Student: 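The structure under discussion is supplied below as structure tokens; questions concerning it will follow.
Count residues from 1 along the sequence. Quick caveat: nothing in here was measured; it's all calculated off a predicted structure.
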Amino acid sequence: MQGFPQAEVQNIPFNSNQQLLILEHSLVSLLAMSFLKWLFTGIVLLCVVTASVKCSGKPEVSDPTAVLFRNLSDSAEYVGMNVCKQCHSGIHSTFERTGMGESFGKASRTKSAAHFDKHAAVYDSHTGYSYFPYWKGDSLVFREFILNGGDTVFSREEQVTYIVGSGQHTNSHLVLNNGYVFQAPLTFYTQQGKWDLPPGFENGANSRFERIIGLECISCHNAYPKYVAGSENKFVSMPDGIDCERCHGPGSLHADEKQRGIFVDTSTSVDYSIVNPAKLPVDLQFDVCQRCHLQGNAVLREGKSFLDFRPGMKLSDVMDVYLPRYTNSTSDFIMASHADRLKQSACFLEMEKRHVSANSLRPYKSALTCVNCHNPHVSVKETSEAIFNQKCVSCHKAEKVNACPELHTKTIGEETSCVSCHMPLTGSSDIPHVSIHDHYIRRQYEKDEKAGGKFISLSCINNPDPDKLSRIKAFLQQYERFNPDATFLLDSATVLINQLSESGNMQYFKLKVLSDFLSKDYNSIVKNTFEKGISDLIYFNLGNRDYSNEDAWTAYRIGESFNAAGYQKIAFLFYGFSVKLAPYYFEFSNKFGTSALMNGNADMAEGIFKRILKENKNFAPAWSNLSYGSLLKSDFQKSLEYADKAIQLDYRYTLARLNKAAALQALGLKREVLSEIETILSIDPLNESALRFKEKLAIEGVK
């Protein structure tokens, strides 16, 4: 039985003789340069020496003020919060209780804000999986199970390693597997005191224990980790919570000078050994906060990563952050959009007009930034609402505040609650069961706007003039990650891509590959790859390994395109190259192994799948593919064993169950085959392979 869908053969729209000559020349070049030898000799593909990737060198800064801070230099290193604590113990003790200080930590009873006494298991009606959280000693465990007629037909347990969130709004949960970080399928929503599926797991999108948590997520919810090159979610080490240096920058120069007795009177001067955000120009101070409080479609600059921003830099030197604008954007917003919402406020716009950047020790005092209202060293839960109201009164004259029509109905002691009307608690569009203060400060809130407004534009929030390359990537990422039905985003990207120079421009080629891949125009990718030259691409143009895995993804997309067009041997080359560039991303390795099977290299495929499982024993597709490979070798007992391993991880894995049914049939266990087929049809009643199997069994009289 075929365990994989066959590639659909398509016609390539150019001269076939010319095409074959180009192909032959490319393959000869590859052979001459020993690439195929590398692919076939079984040289370890996944056991690459683990190394943490460093930041990309000396930060590039576009603001001349920023270069004055010496800890922006690549010679400055992160030293950790405990070093800061030696001199700043008071600030450290209050900061630890803030949302940032409690943002991330190892799963423990102390860290968890969840209730475990009275709660029902969370049931996902789309998949049939249920989830139950409980403590096993000091370990937090999530049990995933399926009930059928009151009986438990499937059960899997995973230990939670980390808890994300201070508990003010939520606790999310991460599972660590041999350094690989995944989000678990349960979140505790503290404001409503309930367990539910995490955001993005609802409505049939439950990825169970397989959602990759990569550098973009971790770098905002935590201090900077050590990350493994060539992966999407493997880490060497993980700190516990956002620390001092996320807002102040690397502390080694500062700590060294203080230990040597070099001090600066900060009441009259700036200590340039470390960034104090209070002393930054207003726009740079804003960038410190909106590095994480401006969630959206983040487009990294060429060669940059999510580890490269340091306080004192302009955020746009590292990334541009885009948000879609809809007709209902006035009232509809996402959770971490505080910076964007504040910038739309009349308060902010008016202060921006009045503010004059001066050599003041605290430029923000004459402007409106986050720290005008928030002390980042003190928890908002420990800050009286009267303090926030006083900030309003400091700009809005007392007589106007006293004339507020809500004066007699919304009071806190003797203070009018400005926040309750002008920054009300409301829900965000991306996180359920949570209420937050909308930071778009305005007089009156529209009550009649409906969700799902019409798309207007894609707006870059932190850069008023993003370049063409940034805008192309923004359109493509918005389509791929957030709005897969909005084909006009692809159209907009295509218009801009066509304005780039094709000649010798690899950036053009990679963007064209991505655009065509998202458009499913595989023929175009095949044609352009032939014209670019296969050997040139592999040996000279696609050899970069970085945080984005951009070249690896390009190679993978080319491989997928050749596979769809029926050129399986060339697809195999590009799959292999994607693995060479990103050996710790197992979707690439799994597809490489699958391609090896389709090209008749069962032994090589088995080696690839086993290397995957050595790294991550919970990668169910590798178990299923081992099962299929064993079918091809007529090792039916091994095929059963491997299929069961996949099914133990995913009860609904119908492909693994089909492999199991084929092995059972080969062993002559027809009643067991029928039972397996019935299970498949209970999961997927329209599964064509299972229906054909059942029909054949019926003809044979198996009941």
Student: Mind checking what makes side chain to side chain contact (heavy atoms under 4.5 Å, CB included) contact with Cys220, not counting sequence neighbours?
Tutor: Arg291, Cys292
Student: So does Glu210 get a backbone contact from the side chain of Ser207, meaning a donor-acceptor N/O pair under 3.5 Å?
Tutor: no
Student: Do Asp521 and Ile525 come within less than 4.5 Å of each other through their side chains, counting heavy atoms only?
Tutor: no
Student: Do the side chains of Lys638 and Glu641 get close enough for a salt bridge, i.e. N-O under 4.0 angstrom?
Tutor: yes
Student: State the CG-CG distance between Leu476 and Leu489, to the nearest 0.5 angstrom.
Tutor: 9.0 Å
Student: Can you list everything that forms a salt bridge (Lys or Arg N to Asp or Glu O under 4.0 Å) with Asp516? Sequence neighbours excluded, please.
Tutor: Lys512
Student: What about Phe188 and His173, are their ring centers closer than 6.0 Å?
Tutor: no
Student: Roughly how far apart are Glu678 CD and Leu697 CG, rounded to 0.5 Å?
Tutor: 9.5 Å
Student: Ignoring hydrogens and geometry, is there a side-chain-to-backbone donor-acceptor pair from Arg545 to Leu581 under 3.5 Å?
Tutor: yes
Student: For Glu606, is there an ion pair with Lys610 - N to carboxylate O distance below 4.0 angstrom?
Tutor: yes
Student: Can Asn483 and Gln478 be counted as having a side-chain donor-acceptor contact under 3.5 angstrom?
Tutor: yes
Student: What are the two closest heavy atoms between Leu597 and Gly629, and how far apart are they?
Tutor: CD2-CA, 4.2 Å
Student: Any idea which heavy atoms bring Leu681 and Ala690 closest together, and the distance?
Tutor: CD2-CB, 3.7 Å
Student: When the ring centroid of Trp553 is compared with that of Tyr585, is the distance short of 6.0 Å?
Tutor: yes
Student: Check whether Thr679 reaches the backbone of Ser675 with its side chain - one donor and one acceptor, N or O, closer than 3.5 Å.
Tutor: yes
Student: Is the count of non-hydrogen atoms from other residues, nucleotides or ligands lying under 6.0 Å from Lys633 atom NZ greater than 12?
Tutor: yes
Student: Going by ring pair (Phe, Tyr, Trp, His ring centres under 6.0 Å), name the residues that satisfy it together with Phe636, two or more places apart in sequence or in a different chain.
Tutor: none
Student: Yes or no on ring-ring contact (aromatic ring centres under 6.0 Å, His included) for Tyr134 and Phe116, after CA distance, side-chain angles and deciding distance?
Tutor: CA-CA 7 Å; Tyr134 69 99; Phe116 295 89; 9.2 Å; no
Student: Do the charged groups of Arg143 and Glu158 touch, with an N to O distance under 4.0 Å?
Tutor: no
Student: Looking at every non-hydrogen atom in both residues, tell me the closest pair between Arg557 and Leu514 and how far apart they are.
Tutor: CZ-CD1, 3.4 Å
Student: If the plane angle is over 60° it's perpendicular, under 30° parallel, otherwise tilted; pick one for Phe209 and Tyr131.
Tutor: perpendicular
Student: Just checking Phe235 against Tyr227, ring centres under 6.0 Å apart?
Tutor: yes
Student: Measure from the side-chain N and O atoms of Asp430 to the backbone N and O of Ile334, and report whether any donor-acceptor pair falls under 3.5 Å.
Tutor: no
Student: Within the distance-only criterion (no hydrogens, no angle test), does the side chain of Asn590 pair as donor or acceptor with the backbone N or O of Phe609 below 3.5 angstrom?
Tutor: no
Student: Is it true that atom NZ of Lys510 has more than 12 heavy atoms of other residues, nucleotides or ligands lying nearer than 6.0 Å?
Tutor: yes
Student: For Glu676, give me all partners under salt bridge (Lys or Arg N to Asp or Glu O under 4.0 Å), at least two apart in sequence or on another chain.
Tutor: Arg657, Lys660
Student: Could you check whether atom NZ of Lys111 has more than 12 heavy atoms from other residues, nucleotides or ligands sitting under 6.0 Å from it?
Tutor: yes
Student: Answer yes if the side chains of Ser130 and Asp124 hold a donor-acceptor pair under 3.5 Å, and no otherwise.
Tutor: no
Student: Donor-acceptor pair, distance only, cut-off 3.5 Å: does the side chain of Arg208 make one with the backbone of Leu649?
Tutor: yes
Student: Please identify which of these residues, Phe574, Phe588, Phe592, meets the ring pair (Phe, Tyr, Trp, His ring centres under 6.0 Å) condition with Tyr556.
Tutor: Phe588
Student: Are any of the side-chain heavy atoms of Glu144 and Phe132 separated by less than 4.5 Å?
Tutor: no
Student: For the pair Ser519 (side chain) and Ser515 (backbone), establish whether a donor and an acceptor sit closer than 3.5 Å, ignoring hydrogens and angles.
Tutor: yes
Student: Hey, are Asp650 and Arg156 close enough for a salt bridge, meaning a charged N less than 4.0 Å from a carboxylate O?
Tutor: no
Student: With no hydrogens and no angle check, is any side-chain donor or acceptor of Asn659 less than 3.5 Å from a backbone partner on Ser627?
Tutor: no
Student: Might you point out which heavy atoms bring Ala298 and Arg481 nearest each other, and give the distance in Å?
Tutor: O-NH1, 4.4 Å
Student: Output, in order, the C-alpha distance, side-chain angles, deciding distance and verdict of side chain to side chain contact (heavy atoms under 4.5 Å, CB included) for Thr594 and Met598.
Tutor: CA-CA 6 Å; Thr594 302; Met598 296 176 74; 4.2 Å; yes
Student: Do Thr187 and Thr170 meet the criterion of a side-chain donor-acceptor pair at a distance under 3.5 Å?
Tutor: no
Student: Relative to the ring of Tyr180, is the ring of Tyr584 parallel (under 30°), tilted (30 to 60°) or perpendicular (over 60°)?
Tutor: tilted
Student: Could you tell me whether the side chain of Glu202 reaches within less than 4.5 Å of the side chain of His126, counting heavy atoms only?
Tutor: no
Student: Is there any side chain to side chain donor-acceptor pair (under 3.5 Å) pair reaching into residues 190-201, and which pairs are they, with sequence neighbours excluded?
Tutor: Asp196-His433
Student: Might you work through the salt bridge (charged side-chain N to carboxylate O under 4.0 Å, His left out) test for Arg652 and Asp684, ending with a clear yes or no?
Tutor: CA-CA 9 Å; Arg652 296 171 55 86; Asp684 179 10; over 6 Å; no
Student: Among Phe517, Tyr522, Phe572, Phe530, find the one that has a ring pair (Phe, Tyr, Trp, His ring centres under 6.0 Å) with Phe562.
Tutor: Phe530
Student: With no hydrogens and no angle check, is any side-chain donor or acceptor of Ser231 less than 3.5 Å from a backbone partner on Val228?
Tutor: yes
Student: Using the test salt bridge (Lys or Arg N to Asp or Glu O under 4.0 Å), find all partners of Glu695 that sit at least two apart in sequence or belong to another chain.
Tutor: none
Student: Side chains of Asp551 and Asn544: is there a donor and an acceptor less than 3.5 Å apart?
Tutor: no
Student: Does Leu626 offer a backbone N or O that forms a donor-acceptor pair with the side chain of Ser630 under 3.5 Å?
Tutor: yes
Student: Please name the pair of heavy atoms, one in Ile612 and one in Ala622, separated by the smallest distance, quoted to 0.1 Å.
Tutor: CG2-CB, 4.1 Å
Student: Classify the side-chain pair Asn618/Asn616 by whether it contains a donor and acceptor separated by less than 3.5 Å.
Tutor: no
Student: Just one of Tyr651, Tyr123, Phe154, Phe142 clears the ring pair (Phe, Tyr, Trp, His ring centres under 6.0 Å) bar with Tyr129, so which one?
Tutor: Phe154
Student: Within a 6.0 Å radius of atom CG on Asp138, are there more than 12 heavy atoms belonging to other residues, nucleotides or ligands?
Tutor: no
